[in-house]
Amino acid sequence: MTASLTMIGRSIRLSRRNLDLVIMAIVLPVLMMALFVYVFGGAISSTQSYVDYVVPGILVLCTGYGATSTAMSVTDDVKKGVVDRFRSMPISGFSVLTGHVVASVARNGLATFAVVLVALLMGFRPAASFGSWILAMGLLALYVLALSWLAAGFGVVARTVESASLLGFFMLFIPYLSSAFVPVATMPSWLRAVSEHQPITPVIETVRALLTGQEATSGWLALGWSGGLLVVAFGWATWLFSRISRR
Amino acid sequence: MIVETEGLTKSYGPTTVLRGLDLEVTEGSVLALLGPNGAGKTTTIRILSTLTRPDGGTARVCGFDVVRAGADVRGAISLTGQYAAVDEEQTGRENLVMIARLRGFPRPASRARAAELLERFDLLDAADRRVRTYSGGMRRRLDLAMSLVARPRLLFLDEPTTGLDPVSRTTVWDAITDLVRDGVTIFLTTQYLEEADRLADRIVVLHNGGVVADGTADALKNSVGGTRLDLTFRSPADASRARNVVGGVADGPTLSVPSDGSAAHLHRVLDDLLGARVEVLRVATHRPTLDDVFTSLTAVAA
């Protein structure tokens with residue numbers, strides 16, 4: 001337990017001191033949101049205010065940045081021999097990953113807070129009750145947790161920090177193929193089929209419904225996807241980590 | 001025996017790294033594992049420190065089996081890997097406190113132990129600076145300090161001075177010598193013969209995944225022959241004329257003559273050459289170095 005807490009403290013301290021990470025986690029999502037609201041927003045016709053529509057999408061986009069940083073930090077530890085040092089000590093080496101994952105969730109929480117704050121300044125007017133806020137944030141946290149474990153696993157297998165950063169490419173691309181920025185109804189039918197059935201869409205739809213005070217019709221689906229992803233990603237990361245000893 | 005291995009094997013795909021390694025290390029000694037790149041040095045250390053699972057054979061470290069009782073092994077050892085595994089964005093003190101906490105020290109004891117080690121490794125002035133600003137030597141020292149937080153019985157050092165400047169190298173060597181005095185057993189790998197010569201009680205030469213020599217530095221040096229005289233002449237022709245007088249092996253203008261290293265023998269050789277009217281330009285006595293041992297051993301084994 002002390003080991004995990006110490007590792008969490010380490011990862012949080014390291015992320016706080018890494019300027020690139022802070023920028024990637026907080027400044028970039030905020031800039032992306034400004035870009036979407038002020039640059040693209042005017043061209044995207046919508047019955048509701050675009051900022052109200054886009055906030056959940058930006059929040060999910062943030063998680064992609066967060067996950068990328070996590071994968072890169074894990075790879076860095078594996079390559080630099082830090083993981084070896086921990087694995088040669090009488091602690092569970094796995095707590096290194098726990099540290100990174102918890103720090104990742106914390107970074108994302110901060111980013112979410114920053115995005116929501118800036119969105120409010122830009123005219124975001126959520127119509128959510130306190131309970132809905134809790135549910136929305138809880139779902140996002142679960143999704144982030146799942147994604148962070150996925151990223152940790154990715155970080156263990158990646159050969160270099162650069163290849164770990166490739167994860168970012170997918171993580172940043174996939175949200176665009178969802179209802180994050182435009183309703184899927186506007187997409188060609190083949191693409192709509194993909195967008196409607198990928199895991200990010202129900203998460204975004206649920207968060208959006210919760211924040212705008214509508215009925216969250218895809219709530220269970222979002223929960224299922226996130227929970228399922230968490231179980232699979234955690235199992236995968238654990239399995240990969242245990243295989244390091246074969247190297 | 002603090003380390004005992006029997007028939008240790010390890011392959012990576014088609015590459016065999018260790019083919020039946022047998023090793024024994026007595027407690028309190030310094031063992032240097034010497035060998036060219038790819039000889040299996042790092043793999044050996046990784047297996048003994050429980051980082052890598054062997055394919056076959058057994059290894060006991062501090063009385064525990066590395067595969068079945070990995071956790072007990074880890075409690076008794078420390079490892080300093082080939083690359084300084086320190087957190088760049090933490091200060092030296094933070095790195096040390098972190099390790100102490102991970103080793104189960106309570107918070108105040110962790111801080112005390114960190115301060116003690118910072119002082120011992122001459123890092124007090126830089127203690128609260130981020131490691132990013134440290135020189136290579138300071139990093140290595142911090143790395144070593146981090147391995148000593150829990151006072152291990154056995155310390156594994158994988159190429160502890162690779163890439164260091166001569167001054168830092170000496171500092172690390174002094175630190176290792178101090179540890180030996182405290183009774184810590186040291187198991188190190190190195191590519192530097194000078195390092196093995198200076199630090200180790202016993203040297204094991206590894207080549208192609210097996211032991212090709214095992215002994216003290218002196219024993220190994222004697223195994224490749226005694227002292228010889230290297231005589232340099234004006235021309236190869238002179239050298240071969242000299243060979244007819246005093247024997248030895250000519251190589252260009254140089255003639256190598258086996259010797260017992262005594263002044264009397266040198267006198268006799270020079271007198272004989274003077275008598276034969278062959279002019280000697282230079283004389284050098286050559287005692288075998290570990291380099292010679294290394295070259296001859298790895299050449300034979302290859």
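Throughout, a chain's letter reflects where its sequence line sits, starting with A, and its residues are numbered from 1.
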Residues which pass side-chain hydrogen bond (donor to acceptor under 3.5 Å, both in side chains) with B/T26, listed by chain and number, not counting sequence neighbours: none
Residue B/E88 versus chain A: region with a heavy atom under 4.5 Å: side chain
Structural part of B/I47 lying under 4.5 Å from a heavy atom of chain A: neither
Pairwise distance [atom1]([X]) to [atom2]([Y]) - rounded to 0.5 angstrom:
X	Y	atom1	atom2	result
A/D76	B/D87	CG	CG	9.0 Å
B/E89	A/L14	CD	CG	7.5 Å
B/R53	A/I244	CZ	CD1	13.0 Å

Run the side-chain donor-acceptor check on residues 64-78 of chain B: report pairs under 3.5 Å with partners two or more places apart or on a different chain.
residue	atom	partner	partner atom	Å
B/D65	OD1	B/V67	N	2.8
B/D65	OD1	B/R68	N	2.9
B/D65	OD2	B/R68	NH2	3.2
B/R74	NH1	B/T50	OG1	2.9
B/S78	OG	B/R103	NH2	3.2
B/S78	OG	B/S147	O	2.5

Sorted by number, residues from residues 59-75 of chain A in contact with chain B (heavy atoms, under 4.5 Å): none
4.5 Å side-chain heavy-atom contact, A/T2 and B/R101: yes
Student check: side-chain heavy atoms of A/R10 and B/E94 closer than 4.5 Å: no
In this structure, are over 12 heavy atoms from other groups packed under 6.0 Å from [X] atom [atom1]?
X	atom1	value
A/F113	CZ	no
B/E6	CD	no
B/E119	CD	no

Candidate pair B/L79 and A/M89, rule side-chain contact (heavy atoms from CB on, under 4.5 Å), full reasoning: CA-CA 8 Å; B/L79 165 73; A/M89 290 169 54; over 6 Å; no
B/D143/A/R85 salt bridge by N-O under 4.0 Å criterion: yes
Chain B contact via A/D84 - which portion, at a heavy-atom distance below 4.5 Å: both
Region of A/R17 that comes under 4.5 Å of a non-hydrogen atom in chain B: both
Audit row: B/L102, A/M7, side-chain contact (heavy atoms from CB on, under 4.5 Å) steps and yes/no: CA-CA 8 Å; B/L102 290 173; A/M7 289 297 184; 3.6 Å; yes
For B/D174, all residues meeting side chain to side chain contact (heavy atoms under 4.5 Å, CB included), sequence neighbours excluded: B/T170, B/R198
Top of A/S88, A/G9, A/S4 for chain B proximity - count of heavy-atom pairs under 4.5 angstrom: A/S88
B/A85 versus A/G81, closest heavy-atom pair with distance: CB-O, 3.4 Å
